[in-house]
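Okay, so here's the structure we're looking at.
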Amino acid sequence: SVYKRQVDARDAGGATPLAAAVHAGRAGAVAALLGAGASPRSADLAGETVLAAARALAYDDAGRAILAAVAAAAVEAAPGAPNAGADAAR
C-alpha cells in the first residue's frame with residue numbers, strides 16, 4: 001500500500017524513519033512506527049540494520065526498551081513466523 005511505502009521510505013543513505021527513531025533514542029516514535037507496519041528488518045546502504053542499531057544503543061533502560069521492541073517485531077516478521085504474512089497485509 002501507499003501508506004506502507006511511506007512508513008518505510010528511505011533517505012539518501014537508505015535509512016528509514018524507524019532507523020532514525022532508533023538512533024535518536026525515541027522509544028515512542030519507535031513504537032508508533034512499528035505499530036504502523038515499519039519493517040524492523042530493514043538495512044541502510046552501509047548494511048546497518050535497525051536491529052543492529054538498537055543493539056548498539058541498548059546501554060540504558062530506554063535503549064533496552066527500544067531493542068526489545070525492535071527485536072520482537074523482527075522475530076514476528078521473520079520468514080516462517082506465525083504472523084509473517086501480516087506485514088504484507090498492512
Side-chain angles (χ1 to χ4, degrees):
S1 76
V2 172
Y3 180 71
K4 174 68 173 152
R5 286 192 304 265
Q6 290 173 343
V7 170
D8 283 333
R10 295 177 179 271
D11 66 15
T16 62
L18 180 58
V22 167
H23 280 284
R26 304 289 307 266
V30 168
L33 288 162
L34 288 170
S39 174
R41 302 176 67 78
S42 63
D44 62 20
L45 295 179
E48 181 183 50
T49 65
V50 172
L51 185 57
R55 190 177 309 123
L57 298 172
Y59 51 81
D60 61 11
D61 288 343
R64 285 188 288 278
I66 289 170
L67 174 59
V70 172
V75 168
E76 288 179 17
N83 294 324
D87 241 8
R90 290 187 215 185

On a heavy-atom basis, the closest approach of His23 and Ala53 is NE2-CB, 3.6 Å

- Message: Using a 6.0 Å cut-off, check whether atom CZ of Arg64 has over 12 heavy atoms from anything other than its own residue.
- Response: yes

Ile66 and Arg26 have their tightest heavy-atom pair at CD1-N, 4.0 Å

Exactly one of Val30, Leu33, Thr49 clears side chain to side chain contact (heavy atoms under 4.5 Å, CB included) with Val70, and that residue is Val30

Note: Pro17 and Gln6 closest approach over all heavy atoms is CG-O, 4.5 Å

Correct closest heavy-atom pair for Leu34 and Pro40 would be CD2-CB, 4.0 Å

Heavy atoms of Leu45 and Ala12 approach each other most closely as CD1-O, 3.4 Å

Practice prompt. Report yes if the side chains of Leu67 and Leu57 come closer than 4.5 Å at any heavy-atom pair, otherwise no.
Written response: no

Between Ala21 and Ala29 the two heavy atoms that sit nearest each other are CB-CB, 3.9 Å

task: Look at the side chain of Asp8 and the backbone N and O of Ser39, then say whether any donor-acceptor pair between them is shorter than 3.5 Å.
output: yes

